Amino acid sequence: MGEQALEISNAQVLGHAAFLQANPMNKLDRYQPYPWQVDFHNAGSEYPERMLMAANRVGKTVSAAAETTYHLTGEYPAWWEGKRFDGGVLVWAGSVTNEASRDIVQKTMFGGMGQELGTGLVPKDKIIGKPQTRQAGISGVMDMVKIEHASGGISTVVFKSYDSGWRKWQGTAPDVVW
């Protein structure tokens, strides 16, 4: 796995990221994981807990957001050998702060609020209704979003922040925690 990752140049990584940024719609369809990302995704079939540790700006967030989106929608690519869910799932997506949730995780998955909703990895036509937002004194922070699952069920992603304390992380059994 390490040798494959070394074959990828910084220019390739930055070029791929720039392409996705410049073409905001249908990002999930254009997600072409590198070999080390495929290994990470496919390891989910065997390992219920995994960690992806790599350098900055090489695709960790996009990898996690893509996998989370596959689980939320139930639409997996042909190459997928990782864990699959046959029905709607409950996902918790955690970030250090509400601002980090909005600016990194939420933006990668959904693009933004208003007209930008649906310009992330989750296809706009899969988003059910309007995202619920938090009243945390920080504008544009999503709390919960409902997603149409291929089974006909409904998936839910709930955004949480570590700075909210451990009590906000108990009481429920999510299917996926990112």
Side-chain angles (χ1 to χ4, degrees), residues 1-97 100-111 118-123 126-127 142 145 147-151 155-162 169 172-178:
M1 181 163 67
E3 289 178 23
Q4 291 172 334
L6 293 176
E7 294 173 11
I8 301 167
S9 71
N10 287 339
Q12 287 173 305
V13 171
L14 294 174
H16 186 65
F19 173 79
L20 291 177
Q21 198 72 1
N23 298 286
M25 301 309 282
N26 301 315
K27 284 185 179 179
L28 189 62
D29 291 340
R30 294 190 325 267
Y31 174 59
Q32 298 294 316
Y34 297 112
W36 59 270
Q37 291 168 313
V38 172
D39 290 344
F40 172 76
H41 294 310
N42 290 341
S45 66
E46 188 174 346
Y47 302 101
E49 295 182 20
R50 293 166 286 139
M51 180 182 81
L52 181 56
M53 187 167 70
N56 291 335
R57 309 297 308 157
V58 297
K60 297 180 304 292
T61 300
V62 172
S63 296
E67 179 162 336
T68 301
T69 300
Y70 294 142
H71 296 321
L72 286 166
T73 64
E75 295 178 358
Y76 298 92
W79 55 263
W80 189 266
E81 296 175 11
K83 171 80 174 161
R84 289 177 182 255
F85 291 94
D86 296 329
V89 295
L90 172 61
V91 172
W92 285 357
S95 297
V96 176
T97 64
S101 180
R102 177 193 62 204
D103 299 342
I104 301 168
V105 175
Q106 180 180 307
K107 183 175 181 179
T108 304
M109 290 184 69
F110 294 99
T119 61
L121 289 169
V122 177
K126 299 294 179 189
I127 301 169
M142 292 179 186
V145 184
I147 308 296
E148 179 184 318
H149 192 274
S151 67
S155 292
T156 304
V157 59
V158 178
F159 293 95
K160 295 182 171 281
S161 66
Y162 308 142
W169 291 83
T172 305
D175 301 293
V176 176
V177 177
W178 167 22

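Remember, predicted model here, so these are calculated numbers, not experimental data. Position 1 is the first residue of the sequence, and the numbers go up from there.
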Heavy atoms of A150 and G74 approach each other most closely as CB-O, 3.8 Å

Measure the NZ-OG1 distance between K60 and T108 for me, rounded to the nearest 0.5 Å. 11.5 Å

Nearest atoms (heavy-atom pairs only) where T119 meets G111: OG1-CA, 3.3 Å

The reported gap from CD in Q106 to OG in S95 (rounded to nearest 0.5 angstrom) is 9.0 Å

How about L90 and V158: do any of their side-chain heavy atoms sit closer than 4.5 Å? yes

Evaluate the ring planes of W169 and Y162, with Trp represented by its six-membered ring, and classify them as parallel (under 30°), tilted (30 to 60°) or perpendicular (over 60°). tilted

Which pairs count as salt bridge (charged side-chain N to carboxylate O under 4.0 Å, His left out) when at least one residue sits in residues 67-76, sequence neighbours excluded? R50-E67, E75-K126

Taking every heavy atom of H41 against every heavy atom of Y31, the minimum-distance pair comes out as NE2-OH, 2.8 Å

Applying side chain to side chain contact (heavy atoms under 4.5 Å, CB included), run through S63 and L52 and close with a yes or a no. CA-CA 9 Å; S63 296; L52 181 56; 4.0 Å; yes

Any side-chain heavy-atom pair of I104 and T61 under 4.5 Å: yes

Return yes if some donor-acceptor pair links the side-chain N/O of E46 with the main-chain N/O of A43 below 3.5 Å, else return no. no

What distance do T73 atom OG1 and L121 atom CG have between them, rounded to the nearest 0.5 Å? 10.5 Å

Just by distance, do the side chain of S155 and the backbone of L72 share a donor-acceptor pair under 3.5 Å? yes

Note, V122 side chain near I127 side chain (heavy atom, < 4.5 Å): yes

T68 and W178 have their tightest heavy-atom pair at OG1-CE3, 3.6 Å

Answer yes or no: is there a donor N or O on one side and an acceptor on the other, between the side chain of Y76 and the main chain of F85, under 3.5 Å? yes

Show the numbers, then the answer: is there a side-chain hydrogen bond (donor to acceptor under 3.5 Å, both in side chains) between S45 and E81? CA-CA 7 Å; S45 66; E81 296 175 11; over 6 Å; no

Yes or no on side chain to side chain contact (heavy atoms under 4.5 Å, CB included) for N42 and W79, after CA distance, side-chain angles and deciding distance? CA-CA 9 Å; N42 290 341; W79 55 263; 4.2 Å; yes

So do the side chains of M109 and T69 get within less than 4.5 Å of each other, counting heavy atoms only? yes

Straight-line distance of K107 NZ to R102 CZ, nearest 0.5 Å: 10.5 Å

V176 and W92: CA distance, side-chain angles, deciding distance, side chain to side chain contact (heavy atoms under 4.5 Å, CB included) verdict: CA-CA 6 Å; V176 176; W92 285 357; over 6 Å; no

Closest non-hydrogen atom pair between G88 and D175, with its separation: O-OD2, 4.3 Å

